[in-house]
Amino acid sequence: MTILRIGNASGFYGDRFDAMREMLTGGELDVLTGDYLAELTMLILGRDRLKDPDAGYARTFLRQLEDCLGLAHERGVRIVTNAGGLNPAGLADAVRRLAGRLGIPVRVAHVTGDDLTTALPRALGSARAGGTPIGRLAAHAYLGGFGIAQCLRAGADIVVTGRVTDAALVTGPAAAHFGWSETDYDRLAGAVVAGHVLECGAQATGGNYAFFRDGDVRRPGFPLAELHEDGGCVITKHPGTGGFVDTGTVTAQLLYETAGARYPGPDVTARLDTVRLSQDGPDRVRIEGVRGEAPPPTLKVGINRLGGFRNEVVFVLTGLDIETKAALVRDQMEPALGKVADVRWELARTDRADAPSEETASALLRLVVRDPDPEVVGRALSGAAVELALASYPGFHVLAPPGKGSPYGVFEDVYVPHGGVDHVAVLHDGRRVPVLPAHDTAVLDEVPEPPLPEPLPPGPVTRAPLGLVAGARSGDKGGDANVGVWARTDDAWRWLAHELTADRFRELIPESRELTVVRHVLPNLRALNFVVEGILGAGVAAQHRFDPQAKALGEWLRSRHLDLPEVLL
């Protein structure tokens with residue numbers, strides 16, 4: 001059968017607005033996907049829906065569609081998106097109204113069944129503070145792609161979903177187009193890998209890339225996959241768009257927010273250790289050889305809830321005696337912090353000796369407080385900080401006046417059996433088609449660690465940053481972070497595989513020294529994937545650390561110095 005060209009026009013809620021038009025006009029395309037959901041987005045949409053029961057979806061998508069629906073219709077491009085968020089039926093209705101107003105005949109379907117907010121038996125808190133509930137806002141199962149496939153097979157032009165896996169936006173159209181069954185695991189796994197590469201938009205075309213100087217990434221284009229019936233694909237982009245696609249940019253995205261060799265999902269478990277990449281020409285990377293296994297017996301459910309209230313004050317410390325100034329203000333604030341449930345101080349030594357500007361002579365002392373009671377972290381705290389303005393260290397000032405406490409979120413995941421959700425495809429004509437759970441499942445087991453390559457022979461070394469010989473990309477999954485590290489040459493891989501152990505990782509990243517760090521080895525990608533458990537606390541919405549999504553954790557690792565073999569430099 002023909003190649004299926006699937007593009008991406010959004011990697012998150014807030015991505016580049018004109019990407020949809022660029023993808024529709026830039027070249028050949030069969031299906032255009034848009035990923036708008038993340039753990040934090042579900043919390044944001046949940047708070048929106050508290051204010052307005054008709055809200056809960058990504059409104060940006062509607063505005064993009066108003067500009068581009070006619071283009072998609074003229075070109076015969078189908079659109080598949082998870083912009084439905086917490087309210088896919090509401091967004092589907094809004095799209096129909098928009099199409100009617102524009103006079104464009106489109107068939108709109110949606111997928112439902114992911115919402116378990118009221119169905120889960122375990123209550124996750126019901127306290128109230130200041131009139132705001134501290135408890136569950138949203139609980140949604142990660143569905144697979146076969147509900148999307150049902151909608152497309154029935155003739156839908158636009159399919160709106162809620163919480164599906166990011167890769168389902170690709171597996172669904174691929175299964176519909178090629179006629180795959182639920183047990184075509186190798187083919188489905190290939191589509192999952194393609195979907196994982198596409199899901200974060202420009203991250204596959206040079207965005208956020210360790211070796212960004214290899215091309216012009218001032219305005220990277222968005223990626224597309226040319227899928228084949230056997231599950232293989234080529235990752236590319238439209239001609240003339242910015243950025244670049246090579247085996248490095250694809251490797252980086254493959255490692256993003258993954259863990260070991262088995263990458264589980266509701267449709268299939270993809271074996272990342274079987275992925276083979278090759279450069280197939282300028283801005284073209286071929287992915288082949290992906291093997292798949294039966295999916296695990298349970299579905300992941302992401303739970304977002306309000307965890308309490310937080311406040312933050314950043315004190316600016318300038319010039320001499322930075323540590324002593326920090327100790328003084330901490331002592332002065334102590335009486336106001338006695339009742340606070342969680343208090344965190346962090347001193348960032350951004351100051352330099354004999355600095356040429358006041359800003360570069362200054363360090364930042366960050367105070368973050370959390371508590372179930374907004375009053376405890378609100379005016380009582382901010383008043384105590386402001387009252388020090390004329391009575392503390394020399395040069396006292398803060399980056400911004402502290403205000404009221406603001407609510408923060410907590411993310412956790414639980415698991416339910418496949419049959420514990422009512423996965424339904426609501427077709428464009430209103431018919432409701434149940435999507436059956438997976439026929440076969442397999443409990444996830446760790447893959448035995450593969451043999452390591454022969455180490456490099458001994459030779460002279462130079463103390464230098466790891467990033468001279470290795471790339472990295474990092475991200476978040478709930479309270480854990482992953483850091484994928486890959487080598488660009490076979491010799492660099494021979495060194496990296498033996499040098500960068502879990503213990504060495506802990507040495508280089510002091511925050512991880514008391515945490516569990518698990519190393520996974522992926523020889524086909526010349527890569528190591530580290531999972532750092534608990535480093536992000538209760539997830540991004542809880543703002544547990546300076547970089548709450550661990551986006552730059554990999555770049556910090558690359559900046560750390562080791563003894564690098566001179567033969568690699």
Side-chain angles (χ1 to χ4, degrees), residues 142 144 165-167 183 185-186 188-190 192-193 195-196 251-277 287 289-302 412-418 438 440-453 455 470 472-487 493-494 496-506 509 512-536 550 553-554 557:
Y142 288 71
T165 63
D166 299 337
T183 56
Y185 294 135
D186 290 347
L188 289 168
V192 163
V193 168
H196 182 58
T251 297
Q253 181 56 27
L254 281 174
L255 295 173
Y256 183 64
E257 295 181 346
T258 60
R262 286 192 164 102
Y263 185 52
D267 296 323
V268 65
T269 293
R271 289 289 297 263
L272 298 182
D273 56 343
T274 64
V275 175
R276 298 199 305 270
L277 305 180
I287 301 178
V290 186
R291 301 299 301 273
E293 301 169 344
T298 56
L299 298 177
K300 177 180 174 180
V301 179
E412 63 177 307
D413 51 51
V414 298
Y415 291 84
V416 299
H418 274 263
D440 302 307
T441 61
V443 175
L444 285 177
D445 291 320
E446 289 292 332
V447 174
E449 184 162 317
L452 299 181
R473 177 166 286 164
S474 54
D476 64 312
K477 277 296 179 185
D480 301 340
N482 95 286
V483 184
V485 186
W486 76 95
W493 169 238
R494 292 172 62 189
L496 183 72
H498 292 275
E499 176 65 21
L500 194 57
T501 62
D503 286 341
R504 179 57 57 88
F505 184 98
R506 291 189 192 93
I509 304 296
S512 70
R513 288 178 184 171
E514 304 302 318
L515 302 174
T516 298
V517 177
V518 181
R519 186 180 95 149
H520 302 278
V521 182
L522 299 168
N524 278 10
L525 300 176
R526 293 190 301 227
L528 306 170
N529 210 355
F530 296 88
V531 177
V532 188
E533 297 180 6
I535 193 172
L536 303 179
L553 188 58
L557 178 67

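The first residue in the sequence is number 1, and the count goes up from there.
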Problem set entry | Any side-chain heavy-atom pair of V447 and R262 under 4.5 Å | yes
Exercise. Any donor and acceptor pair, going by atom type alone, linking the side chain of D186 with main-chain N or O of G292 inside 3.5 Å?
Worked result: yes
For this session: State whether the side chain of S474 and the backbone N or O of N482 hold a donor-acceptor pair below 3.5 Å, judged by distance alone.
Result: no
For this session: Measure the shortest side-chain to side-chain distance between P450 and P523 over non-hydrogen atoms and say whether it is less than 4.5 angstrom.
Result: yes
Problem set entry | Within-4.5 Å side-chain heavy-atom neighbours: V290 and R271 | no
Exercise. Can you name the closest pair of heavy atoms from A442 and P297 and give their distance?
Worked result: O-CD, 3.6 Å
Exercise. A189 and R291: which non-hydrogen atoms are nearest, and at how many Å?
Worked result: CB-O, 3.5 Å
For this session: Determine whether P296 and T269 make a side-chain contact, defined as any pair of heavy atoms from C-beta on separated by less than 4.5 Å.
Result: yes
For this session: Evaluate the ring planes of H196 and Y263, with Trp represented by its six-membered ring, and classify them as parallel (under 30°), tilted (30 to 60°) or perpendicular (over 60°).
Result: tilted
Exercise. What heavy-atom pair brings G475 and Y256 nearest, and what distance separates the two atoms?
Worked result: CA-CE1, 3.8 Å
Problem set entry | Shortest non-hydrogen separation from G554 to V483 and the atoms involved | CA-CG1, 3.8 Å
For this session: Report yes if the side chains of L536 and D480 come closer than 4.5 Å at any heavy-atom pair, otherwise no.
Result: no
Exercise. Which heavy atom of L500 sits nearest a heavy atom of R519, and at what distance?
Worked result: O-NH1, 3.0 Å
Problem set entry | Any R276 side-chain heavy atom under 4.5 Å of I287 side chain | no
Problem set entry | Any side-chain heavy-atom pair of S512 and F530 under 4.5 Å | no
For this session: Would you mind reporting whether V416 and T298 have side-chain heavy atoms less than 4.5 Å apart?
Result: no
Exercise. Closest heavy-atom contact between Y142 and T165?
Worked result: CB-CG2, 3.9 Å
Problem set entry | Lys/Arg-Asp/Glu bridge criterion (N-O < 4.0 Å) met for D503, R506 | yes
Exercise. So, T258 versus N529: side-chain donor-acceptor pair below 3.5 Å or not?
Worked result: yes
Seminar exercise, completed: Here the gap from I535 atom CD1 to L553 atom CG, rounded to the nearest 0.5 Å, amounts to 5.0 Å
Problem set entry | L272 side, atom CG; L522 side, atom CG - distance, nearest 0.5 Å | 6.5 Å
